[in-house]
Amino acid sequence: MQVPFYDGRKSFEELWPDLQARLDALIQRGKYSHGMMVAELEKAIQRFTGARYAFGCNNGTDALILLLRAAGVGPGDEVIVPCFTFFATASSVAHALARPVFVDVDPVSYTMSPEAVRRAVTPRTKAIMPVHLFCQMADMTALKQVSEATGVAILEDSAEAIGMWYGGTHAGLHGRGGVLSFFPTKTLGALGDAGMILTNEPAVAELANVLRHHGRVGGTIDNMPGISNPARVSGTNSKMDDIQAAVLLTRLGRLEADVARRAALARRYDERLAALGDHVTRPRVAQRAEPTNAVFYVYLIEAERKSELVAYLKQHGVETEEYYPFPLHLQPCFAELGYRPGDFPVAERACARTVALPLYPDLTNEAVDHVCDTIADFYANARGPR
Amino acid sequence: MLPFFPLDMFAPHREEILRLVREAGTSNRFILKDNCARLEEELRRRTGAGDVIACASGTGALQLALKALGIGPGMEVIVQAFCCQPVASAVVNLGATPVFVDVDPRTMVMSPACVEERITERTRAILPAHLFSCMVDMPAIREIARRHDLLVVEDAAVQQGASLHGVPAGRWGHVGAFSFFQIKVLGAIGEGGAVLTDDPDLARACRMLRNHGQDGVTRFRHHLLGYNCRMDEIIAGWLLYRLPALEGELQRRARIGEYYNERFAALGEQLVTPPRGREGRCYYIYSLQTERRDEFRAYLESKGIGSHVYYPLPLPRQPAFAAFASPRDRLPNAERASRRNVAIPAYPTLRDSEVEYIADTVVKFFR
């Protein structure tokens, strides 16, 4: 049995009639980026998340860079980021010409340790950037306390966190702003790159809105002549394609159902993997001081002899992803920041042990069973010398 | 109404648009896959470039090029004052300094004569950008760069298909950039761009920089401070579909431009047309200059003809770049071009009768 890491073909077919109608409307209008579909998607995401402002961007990484710049982060500033996360969390800080300052993560949720953040704050710290990853949000209660005690703003890398709420507030809206990524495999995924900036703060919104379209003032969305408006700030081209916005609008209608299906699949994995004892550590959702929900974007386990397991699964038709094999503080491009192996032991241990199993709405129960049986076989049979 | 921006240009290709979206949705192949590789190969073949790197936009291509060349804080890059913002913002966003030079009064593109006097010990690169229907005098720029040991980043975003002395636009610098924004000569159904270079090291750097600094071998190992600046399969598939028609459409654009030139020649100095000819030219946008611009545009509008003012303000006069204006800036031609430029419809889907009507209307106004 073949189990790809991602497969969205079945749900695509189900959505096709709706999508085709939207594409026809788009072709009729004729503006293929930063156009009417993007404007409609922004409104729909505002309604879904409760964000006062939402701005479509070319991708989630760009959204982070532009959010940082819109919040005034620049040369000489430091931004505190976790070291166990996707690259963009830290690269966005460097692209905003500021310095990423890494902290370790909590071993249960893999989100940034609030205590480590507190110790890392300096007079140059401009922002704290928690990442909500895999299935849950960072400890926003504790991080907000750090933010209040130090006066340092929170900007959220909520790229993976659509549908996650904490204390009644959607991810990305707990500080000055956040982002969404619509990379195809995301909980809400496009058919190419797309992203969004979320904020409730008018000043951040005003800048973010113009930065994504070359800094140009005046109406630019769904307005082709706006391409020649003068620039207020040095921006970039981070417009979203309307075809991607049309896909996202179509998929948004079944997002709640997709999240529920992901949760059911995660439960099935949990039940099946429970029998494997210490060989496999299943995802754990941390208890927080305020109510928060899990959204299983990624089902991440810690596994003994991970590399061998990954190879064994591949032999048996199961694709996995290693989120993340190398911690950010040890990436070659950050060598000049001077971090060393051993600086962040929790993250470094996680990098050696974590692997993501296939998880998406089109995944069948049988496929989950095959993955779990294969993992069980590996630990039962492959007991060679270690 | 004859609009300036022909937003209905892709409507006849509805079936192909639907096919490409379906193909992405039913193949699980989304970004930088076979279509992108085939597009890069096709563009290499057509331009003769050593390598072509497909990316998210023309602006993205400039950003990748400048980053790959190591442009950063403390360095200066010479750009033209009358231009689209990315030539300056791509420099500013890396922490470097744009130095603004004037343009040629007729062609409105970078004047090589203005470049040399602004070179300092901090200058690292010259960023000439072709505009409207005219290429910059690239042999002159290249000679200046050679004398002063500077890098040349050629912004060929609008001149795909032009060539000068047999060398295609995009291949005159160390790195070149194309844009596939929908109204460009090879416009996409969304955003897209490409980097061109003959230097294998620069090509490798750009390829890594467009995908988070990864080398394409080891996932999640980030060698360079890369971006997300990728092209998706829908856009690449569309460009492959459209490429075979490009040469014919460029010929059609050129014929329209030449017809306008002939019709407007008799109007004298009150209406400045682009130079004649096809050498170093690609009729992407047909831009005129007139002191009576506002009156002219209102007249065209009243006759059902759209027009557009591309760059209403020189870059150092825009708030974004005012901090980089220098007392040494002498930009009379950029100022004048900003005040006088106006573009009229010249896209390949215009019918002959429509082109004639536009020309008649322009002539009537100035007579």
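All of these numbers come straight from a predicted model, not from anything done at the bench. Every chain is numbered from 1, with letters handed out A, B, ... down the list of sequences.
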Spatial distance of atom NE2 (A:H214) from atom CD (B:Q85) [nearest 0.5 Å]: 7.0 Å
When rounded to the nearest 0.5 angstrom, what distance separates CG in A:L64 from CG in B:N228? 11.0 Å
With a 4.5 angstrom heavy-atom cut-off, which part of [X] approaches chain B: side chain, backbone, both or neither?
X: A:D7; answer: both
X: A:P230; answer: both
X: A:D242; answer: neither
X: A:L191; answer: both
X: A:R29; answer: backbone

Quick check on A:Q28: does its CD atom have over 12 non-hydrogen neighbours (other residues, nucleotides or ligands) under 6.0 Å away? no
Under 4.5 Å from any heavy atom of chain A, what part of B:L313 do you find: side chain, backbone, both or neither? side chain
Contact class of B:H308 relative to chain A, heavy atoms under 4.5 angstrom: side chain
Checking side chain to side chain contact (heavy atoms under 4.5 Å, CB included) for the pair B:D232/A:D241: CA distance, chi angles, key distance, verdict? CA-CA 10 Å; B:D232 68 51; A:D241 282 0; 4.0 Å; yes
Where do B:N93 and A:R69 land on the side chain to side chain contact (heavy atoms under 4.5 Å, CB included) test, with the steps shown first? CA-CA 10 Å; B:N93 295 350; A:R69 288 197 53 199; 3.3 Å; yes
Taking the inter-plane angle between the rings of A:F86 and B:H222 on a 0 to 90° scale, is it parallel (under 30°), tilted (30 to 60°) or perpendicular (over 60°)? perpendicular
Closest-packed option against chain B by number of heavy-atom pairs under 4.5 Å, given A:K31, A:Q20, A:E322, A:R216: A:R216
Can you check whether [X] reaches [Y] side chain to side chain, under 4.5 Å on heavy atoms?
X: B:Y227; Y: A:T61; result: no
X: B:F181; Y: A:I227; result: yes
X: B:I183; Y: A:M224; result: yes

Is it true that a side-chain atom of B:Q63 and a backbone atom of A:T236 form a donor plus acceptor pair closer than 3.5 Å? no
Choice from B:R230, B:R317, B:M231 maximising heavy atom contacts with chain A below 4.5 Å: B:R230
State yes or no: are the ring centers of B:F220 and A:F326 separated by less than 6.0 Å? no
